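These numbers come from a predicted model, not from an experiment.
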2 protein chains.
Amino acid sequence: MKMHNPPHPGEVLRELCLKPLGLTVTHAARALGVSRKTLSSILNGRAGVSPEMAVRLSLAFGTSAESWLNQQTQHDLWHVERRRKKLRVARFSAA
Amino acid sequence: MKMHNPPHPGEVLRELCLKPLGLTVTHAARALGVSRKTLSSILNGRAGVSPEMAVRLSLAFGTSAESWLNQQTQHDLWHVERRRKKLRVARFSAA
DNA sequence: TCATCTTGTAACCACATACGTCACACTTGC
DNA sequence: GCAAGTGTGACGTATGTGGTTACAAGATGA
């Protein structure tokens, strides 16, 4: 029953991980072992958090990989739910 | 701390949705609005449950789209965790 | 036996995404 | 001016989802 656009994980990542530690995108990308572009895309919501990236984040920041993926799931789901009416699907139960 | 390979969502889908209703793959695919191949791939673990498919499943079977995606997340995560040692990532916190 | 249904799967195509490099333009601070 | 940091576009590679088509194998019924 969430009505508002959940923030993409990149936004959370920037606010909760990069900013508190005073990390630049360049430095964080190097530490995570990905390209600056890859991290930038995530931070700006142009790419999602892949399972592998979730594990990288968990290793670097001591957080839970699951939490990053769940955030991504929520975000993805919100976008699909908006067009759920366009999906022609027959119902089997729960009339 | 899960040590065993979590079943792919397709396995669960077949056991908990198709079998109880006596649905054939062909019929279920038609009802879901996807090709028979698409559903078959998921059932046999050759494809994951995409966000859109999760919504289709929730519409058809009255289940939660989130639960399907979470199962998929767990499954994906399990595979990546197995190679987490190969990821060269610097740690910032939680020494 | 023959026809039909169901199923898995391979071949092939379209499209999207994750990721990389290289390059460019912009902003900020020295 | 110059360097650092940043966003982003072009371009290539790999992978994944999904569609169609077609084939082989098994079950089922006439």
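- In this structure, Ser40(A) does not reach the dT8(D) phosphate: none of its side-chain N or O atoms is under 4.0 Å from OP1 or OP2.
- Heavy atoms of Arg14(A) sit under 4.0 angstrom from primed sugar atoms or phosphate atoms, though from no base atom.
- For the pair His27(B) and dT6(C), the criterion of a side-chain N or O lying under 4.0 Å from OP1 or OP2 is met.
- Not one side-chain nitrogen or oxygen of Arg46(B) sits closer than 4.0 Å to the OP1 or OP2 atom of dT15(D).
- One finds no side-chain N or O of Ser41(B) lying less than 4.0 angstrom from the OP1 or OP2 phosphate oxygen of dT17(D).
- Remark: C1' of dG5(D) and NZ of Lys19(A) are 14 Å apart, rounded to the nearest angstrom.
- No donor-acceptor contact under 3.5 Å links the side chain of Arg36(A) to the base of dG5(D).
- Comparing dG18(D), dG5(D), dT7(C) against the side chain of Thr38(B) picks out dG18(D) as the nearest.
- Phosphate proximity of dT6(D) to Thr24(A): present, with a side-chain N or O under 4.0 Å from OP1 or OP2.
- Taking atom CD on Glu52(B) and atom P on dA16(C), their separation rounds to 13 Å, with Å as the unit.
- Atom-to-atom, CG of Leu57(A) to P of dA18(C) comes out at 13 Å; the value is rounded to the nearest Å.
- Residues Ile42(B) and Pro9(B) are not in side-chain contact: their nearest non-hydrogen atoms beyond the backbone lie 4.5 Å or more apart.
- The distance from atom NE2 of His75(B) to atom P of dG16(D) is 12 Å, rounded to the nearest whole Å.
- When only modelled atom types and interatomic distance are considered, Gln74(B) and Asn70(B) share no side-chain donor-acceptor pair under 3.5 Å.
- Taking atom CG of residue Leu43(B) and atom C1' of nucleotide dT17(D), one finds them 15 Å apart after rounding to whole Å.
- A straight line from CG of Asn44(B) to P of dG8(C) spans 5 Å, rounded to a whole angstrom.
- Side-chain contact of Thr38(A) with Ser35(A): a donor-acceptor pair under 3.5 Å is present, judged by distance alone.
- For the pair Arg88(B) CZ and dC19(C) C1', the computed distance is 16 Å after rounding to whole Å.
- Rounded to a whole Å, the NZ atom of Lys37(A) is 9 Å from the P atom of dT8(D).
- Side-chain atoms of Ser50(A) lie closest to dC19(C) of the nucleotides dT6(D), dG8(C), dC19(C).
- Between dT9(C), dG20(C), dC19(C), one nucleotide has an atom nearer to the side chain of Ser35(A) than all others, and that is dG20(C).
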Please test Trp68(B) against Ser58(B) for side chain to side chain donor-acceptor pair (under 3.5 Å), starting from the C-alpha separation and ending with a verdict. CA-CA 8 Å; Trp68(B) 289 113; Ser58(B) 79; over 6 Å; no
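- For the residue pair Val49(B) and Leu57(B), the shortest heavy atom distance occurs at CG1-CD1, 4.4 Å.
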